[in-house]
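Data first, discussion second: the structure below is written as structure tokens.
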Number of protein chains: 2
Amino acid sequence: MATNTYSISDLAKEFDVTTRTIRFYESEGLISPARNGQTRVYSDTDRVNLKLILRGKRLGFSLSESKELINLYDPVSGNKKQLQTLIEKIGERRRMLEQQMKDIKVMQHELDEAEARCVEAINNIV
Amino acid sequence: MATNTYSISDLAKEFDVTTRTIRFYESEGLISPARNGQTRVYSDTDRVNLKLILRGKRLGFSLSESKELINLYDPVSGNKKQLQTLIEKIGERRRMLEQQMKDIKVMQHELDEAEARCVEAINNIV
DNA sequence: TCAAAAGCTTACGTTAACGTCAACGTAAAG
DNA sequence: CTTTACGTTGACGTTAACGTAAGCTTTTGA
């Protein structure tokens, strides 16, 4: 496993966000890059976490929700009770994702219908 | 088709939002209920549109995006060019939904893994 | 070598999506 | 007949998620 590092603008370009955005995520505690003096140095882990955040964003997750998600993937540390709580949270997420799945399928179906109406209307014109 | 009507609090209760929210959606031009004097009277169409908005919200759509969606389902009025544009927009939406689908599947997989790690950690304790 | 590019911090600005009063009208129920 | 519930219109407040700008240091390519 090559231990790559990235500058802030590397990641900004790769994921098409501004450096401001990446620094903001850090200030909110979602990423914790190393430092070379003042300069931030991002690891593969940081990069993956950023990826997680942005995937969360595409699904309408808030940053604090994404933060929880990141913590779910963290090294498992804690007692039994904490682990149970984690499993419950995972269950919640799963239920949310399933609801979103349903929503998407319904929408796709509706888009099909909408497109069909459009096509028909065009045919009626021509 | 029974032409039902609803009060604002009817809909608020049914969809678990505040009346303020519903009025806000109207002020943003997403719903246009009839009036009985001052009082708003909602039709089935209004109800469906509200449903659309909230489904959009669950998928992280902005209100203006949901507004576009509502317009996609509207009675097909317009010339050929407009209809082509509409079809393109529908295509965009479809691509977004497909991306979201992918995101969800990846997340579900990751949740599976996270849960497995939790379960294993618990077993190591006990 | 020196100007442009990239990095940093601090701080105020902005937008979306409502929340939260205030102040008032109306209608039914006790 | 008056309290209680529901409705209305402003209008200001709030939070999240950055944008934007200032002012300074560091790095780098011509």
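Reminder, nothing fancy here: chain letters follow the sequence lines and each chain counts from 1.
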Any donor-acceptor N/O pair, [X] side chain to [Y] backbone, under 3.5 Å:
| X | Y | answer |
| --- | --- | --- |
| Ser9(B) | Ala12(B) | no |
| Glu68(A) | Glu65(A) | no |
| Gln100(B) | Leu59(B) | yes |

Quickly work out the [X] [atom1] to [N] [atom2] distance and round it to whole Å.
| X | N | atom1 | atom2 | result |
| --- | --- | --- | --- | --- |
| Asn36(B) | dC6(D) | CG | P | 18 Å |
| Ile22(A) | dG19(D) | CD1 | C1' | 15 Å |
| Gln38(A) | dA6(C) | CD | C1' | 13 Å |
| Phe24(A) | dT10(C) | CZ | P | 16 Å |
| Ile8(B) | dC6(D) | CD1 | P | 13 Å |
| Glu26(A) | dG7(C) | CD | C1' | 13 Å |
| Lys57(B) | dA17(C) | NZ | C1' | 8 Å |
| Arg35(A) | dT25(D) | CZ | C1' | 14 Å |

Q) Does the side chain of Arg23(B) get closer than 4.0 angstrom to OP1 or OP2 of dT8(D) through an N or O atom? A) yes
Q) Does Tyr25(A) put a side-chain nitrogen or oxygen below 4.0 Å from OP1 or OP2 of dA17(D)? A) no
Q: Pick base, sugar-phosphate or nothing for Ser64(B), based on heavy-atom distances below 4.0 Å to the nucleic acid.
A: nothing
(Q) Between Arg58(B) and Met96(A), is there a side-chain heavy-atom distance shorter than 4.5 Å? (A) no
Q: Identify all stems in which DNA chain D takes part, counting only runs of at least 3 consecutive pairs (Watson-Crick or G-U wobble, each distance under 3.5 Å), and give each as one range with another, ordered by first number.
A: C:1-30 with D:1-30
Q: Would you check, one step at a time, whether the test side chain to side chain contact (heavy atoms under 4.5 Å, CB included) holds for Leu69(A) with Leu111(B)?
A: CA-CA 9 Å; Leu69(A) 265 181; Leu111(B) 287 181; 4.2 Å; yes
(Q) Between the side chains of Glu110(A) and Lys51(B), is the shortest nitrogen-to-carboxylate-oxygen separation below 4.0 Å, so that they form an ion pair? (A) no
